[in-house]
Every structure is written in structure tokens, then in C-alpha cells.
Amino acid sequence: MFSLQFSLSSSSAKSFILQTSPSFFRSHRAPSRALRTFLTASASSGSTNSDESQEALAGRRANYGGVRLEETVCINSGKMRLDSWISSHISGISRARVQSSIRSGLVAVNGRVVDKVSHNVKAGDKVDCTISELQPLRAEPENIPLNIVYEDEHVLVVNKPAHMVVHPAPGNATGTLVNGILHHCSLPVVAFSNEEVLSDVEDISDDDLSSSFTDRCPNEWLSSSQIGAAIRPGIVHRLDKGTSGLLVVAKNEHSHAHLSEQFKLHTIQRVYISLTSGVPSPTTGRVEVPIGRDLNNRIRMAAVSGSSKCRQARHAASRYKVIEILAGGGSALVEWRLETGRTHQIRAHAKYLGIPLLGDEVYGGTKSMALSLLRPRTPPSYHGQLLQLVSGLERPCLHALALGSEDKN
């Protein structure tokens with residue numbers, strides 16, 4: 001079986017770990033190199049619900065195109081934005097998609113077309129909405145600098161910087177990792193049809209992404225020269241936009257098939273490091289708590305031990321250990337090893353443990369929380385620098401450190 005073993009645990013990863021545990025966290029010296037190093041180290045060193053049924057997944061792939069909503073705003077509703085009201089009445093759709101439909105003139109209120117997304121609706125208003133069809137996306141080769149840590153005839157391993165989107169999607173048609181890969185591998189322009197483009201609700205998890213490839217029939221596999229025509233050229237797993245670190249790309253159908261199978265069977269070992277808000281207790285452990293979409297927040301997943309406000313939670317397991325306690329217990333450098341590949345798995349499990357990742361505004365790792373933990377442990381003379389540092393947190397402090405599997409055959 002095709003196997004791989006890659007890591008940033010040599011010089012670059014050691015540097016990353018050391019630099020992300022600066023003197024500021026270990027003592028009360030100036031914090032100028034603290035979290036800023038974490039946010040830049042990876043670059044310098046180198047959803048729809050993942051748990052939906054097959055029927056729901058098929059519906060999502062249809063991208064809601066042509067879905068109709070004809071309804072009267074109920075009496076108990078206060079004044080509400082049109083885009084928000086429609087989004088709340090079509091399960092799973094994104095507000096951006098609704099806004100696009102409104103701007104396209106496909107929404108009428110009381111028989112009159114309204115193209116202003118911020119239009120307020122009130123009790124008794126009759127809303128008639130048709131969701132627009134997604135326009136085909138074109139993924140064109142772009143000369144984007146890629147931090148390639150390994151490459152051969154089978155695979156390409158990239159150290160993805162934070163803030164880079166992996167694949168084209170509505171709102172992110174250019175500047176993605178796929179655009180860069182198309183250029184690097186000299187592949188042609190790729191046009192994604194409405195059926196091929198996943199919705200803009202949320203990307204699927206690694207588990208479901210790999211399954212979508214391994215479930216294909218043999219004659220559906222693309223030849224090496226046609227790999228660019230896949231929905232995500234060579235992509236068999238993913239990293240969130242804000243997450244930096246290692247990501248493997250298949251360069252032909254042979255490696256694509258075997259890597260997808262390994263991800264599906266969870267034989268790929270994935271190691272991440274993060275900075276957390278606070279310190280987990282105990283400092284080493286295993287979290288086995290199902291994850292599903294949070295019904296109160298469509299962009300967030302939730303880890304729930306029982307029935308709760310979460311849709312179709314599925315098995316998820318993560319192992320963690322504290323590498324170093326920082327800032328007198330205000331933060332910690334934590335290693336994570338994934339046994340499953342659910343959407344936002346580490347972020348959801350960290351929140352469940354009460355230690356959301358620093359910079360993760362969606363899961364509770366807010367700037368105010370960081371300040372509440374770090375300020376009491378910092379001399380007053382450094383509070384100004386601390387505020388400046390925390391204000392610069394623009395993404396979850398999470399980095400994919402190592403990626404690999406062992407061939408046992």
C-alpha cells in the first residue's frame with residue numbers, strides 16, 4: 001500500500017514549538033514575541049454538516065438551487081432583516097447564498113421584488129423566495145508561492161499558511177491552494193459544474209471527503225492527465241482556512257485512491273499543536289465525544305456527550321497532551337492526535353474541555369477571554385503590550401505539525 005511519513009518535527013517544527021512558547025509565557029518578561037510568533041511561524045517555516053445522512057449530503061450537493069419559500073411572517077416575529085429571516089426558514093443554507101438570491105431579484109415581499117438584503121420584514125409580510133442556481137466556478141492556475149516540504153511523482157506535501165483557503169468555493173474562487181497546485185503541476189483551467197461544487201454552507205469533514213472518493217467505481221477515476229478535473233484536484237483531506245500546517249496532495253489516481261482509503265480507515269496519523277485558553281485538566285487525556293452541527297450557530301460544530309442542541313452528532317475522538325504550561329497557567333502549548341476527522345474536531349473538543357483555542361472567536365477563544373486569563377498573570381507595566389498582542393490574534397492558534405502512515409505490508 002502507498003505510504004507516507006512527513007513531519008515538521010525536525011528543524012522547522014522544533015523552531016515552531018520553541019518560538020510559540022516564548023519567554024513571555026514562561027516568565028514576566030516583555031511579550032513582544034509571544035502569540036505573534038505563533039501566527040507567523042508556520043508561514044515562515046516552510047460546514048455543511050460532516051455528519052449528515054447520505055440523503056442530506058445529496059441535497060446539499062444540489063446547492064439549494066431552485067428551492068422555493070412562500071411563507072407569511074408570523075405575528076410573533078419582530079422586525080427582522082430579510083436575509084436573516086429567509087436563512088432561518090431554509091435549513092442549512094448560508095446567508096451569503098440567500099443574499100445572492102435577493103440581489104438577483106428572486107425575492108419578493110408582498111408581491112414586490114426586493115433586492116436589498118437589509119430590507120426589514122414584519123409580521124404579516126408575505127415572502128416569496130427562489131434560491132438562485134450556483135454559477136459554475138472556474139479554478140484557474142495561479143502562480144501562488146507554495147511552501148513545498150516534499151514532492152515526488154506521487155504526492156505533494158505543502159505547508160499551508162494560515163488564511164489560505166484550500167479549494168475554490170463561492171466567495172473564494174481565486175487565491176486558493178488548488179489554484180496554486182494547478183499552476184505548480186501545469187494543469188489546465190478547471191470548470192466546476194453546479195453538481196460538482198459543494199455548497200458554501202461548510203466544507204465536509206476529512207472522513208466524508210475521503211469517503212466520497214473511495215466510494216467511486218473504478219472507471220470513475222481520472223487519469224493522471226485529467227486529475228485537474230476532480231472537484232478538488234488531488235485534495236484528499238483539508239485544513240480550515242485559519243489553520244496552518246501540513247497537507248498532502250495526490251498527483252495521480254493511484255496515490256489519490258490509496259491516500260483516500262487510508263484517511264477513510266484512519267490509518268493516517270495526524271498531529272497538531274495549539275495554544276489554548278487555560279490549561280486542560282488532566283494535562284494528558286483522550287476526548288471521545290460525538291460532534292455534530294450546533295443548531296444555534298450554523299458555522300459552528302458542537303461536541304455533546306448526550307442529546308443536545310446538535311444535529312446528527314457522530315463519533316469523534318482526539319488525544320491530547322500538554323507540552324508546556326505557559327503564562328503561569330493562563331495558556332498551554334498542547335499536542336493533539338486525531339483518531340477521526342470531523343469538521344472542526346480539535347476546536348470543538350477544546351471548547352468541550354473548557355480550553356478553547358486562543359484566537360478562536362467562533363468557539364469561545366475570544367480576545368476578552370485571553371485577556372482575562374493573561375492580564376492577572378502579567379505585570380501591569382506589560383499590560384499595554386499584552387493588549388496589542390492579543391488584539392493581533394486573527395485566527396485560531398492551531399498548526400498541523402505532522403502527517404504520516406506506516407506501510408505494514
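Scope of the values below: all heavy atoms of this structure, side chains included, with no hydrogens, waters or symmetry mates.
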- Item | Salt-bridge contact Asp360-Arg347 (side-chain N to carboxylate O under 4.0 Å) | yes
- Item | Separation between CG of Asp125 and CD of Glu71, rounded to the nearest 0.5 Å | 12.5 Å
- Please tell me if the side chains of Trp336 and Ile273 come closer than 4.5 Å, counting only heavy atoms from C-beta onward. no
- Note on the structure: Separation between NE2 (His258) and OG1 (Thr267), nearest 0.5 Å, reads 11.5 Å
- Query: Taking side chain as C-beta onward, heavy atoms only, is Leu353 less than 4.5 Å from Val287?
  - Reply: yes
- Message: A side-chain contact here means heavy atoms from C-beta on lying under 4.5 Å apart; do Lys321 and Val334 qualify?
- Response: no
- Note on the structure: d(Leu177 CG, Ile144 CD1) to nearest 0.5 Å is 8.0 Å
- Item | Nearest heavy-atom neighbours spanning Val390 and Ala370 | CG1-CB, 4.0 Å
- Message: With a 3.5 Å distance limit and no angle check, can you tell me whether Thr276 reaches the backbone of Gly278 through a side-chain donor-acceptor pair?
- Response: yes
- Item | Ion pair check, Lys251 and Asp152, cut-off under 4.0 Å | no
- Check: Asn179 side chain, Thr176 main-chain N or O, donor-acceptor pair, under 3.5 Å: yes
- Glu151 versus His184, side-chain donor and acceptor atoms under 3.5 Å: yes
- Query: Are the side chains of Pro161 and Ser244 in touch, meaning some heavy atoms are under 4.5 Å apart?
  - Reply: no
- Heavy-atom closest pair, residues Ala402 and Leu246: CA-CD1, 4.0 Å
- Going by an N to O cut-off under 4.0 Å, is there a salt bridge joining Arg337 and Glu339? no
- Message: Would you say the rings of His349 and Tyr320 are close, in the sense that their centroids are separated by under 6.0 Å?
- Response: no
- Message: Within the structure provided, determine whether Leu275 and Leu357 are in side-chain contact (heavy-atom separation under 4.5 Å).
- Response: no
- Note on the structure: To the nearest 0.5 Å, atom OH of Tyr272 lies from atom CG of Leu398 at 7.0 Å
- Atom pair CD (Glu153) and OG (Ser255), whose distance is rounded to the nearest 0.5 Å: 9.0 Å
- Task: Could you tell me whether the side chain of Ile102 reaches within less than 4.5 Å of the side chain of Leu82, counting heavy atoms only?
- Result: yes
- Message: Tell me which one of Ser277, Pro396, Ser274 satisfies side chain to side chain contact (heavy atoms under 4.5 Å, CB included) with Leu358.
- Response: Ser277
- Nearest 0.5 Å, what's the CD-OG1 distance between Glu70 and Thr130? 7.5 Å
- Message: For Gln345 and Ser318, which I'm curious about, is there any donor-acceptor pair between the side chains at under 3.5 Å?
- Response: yes
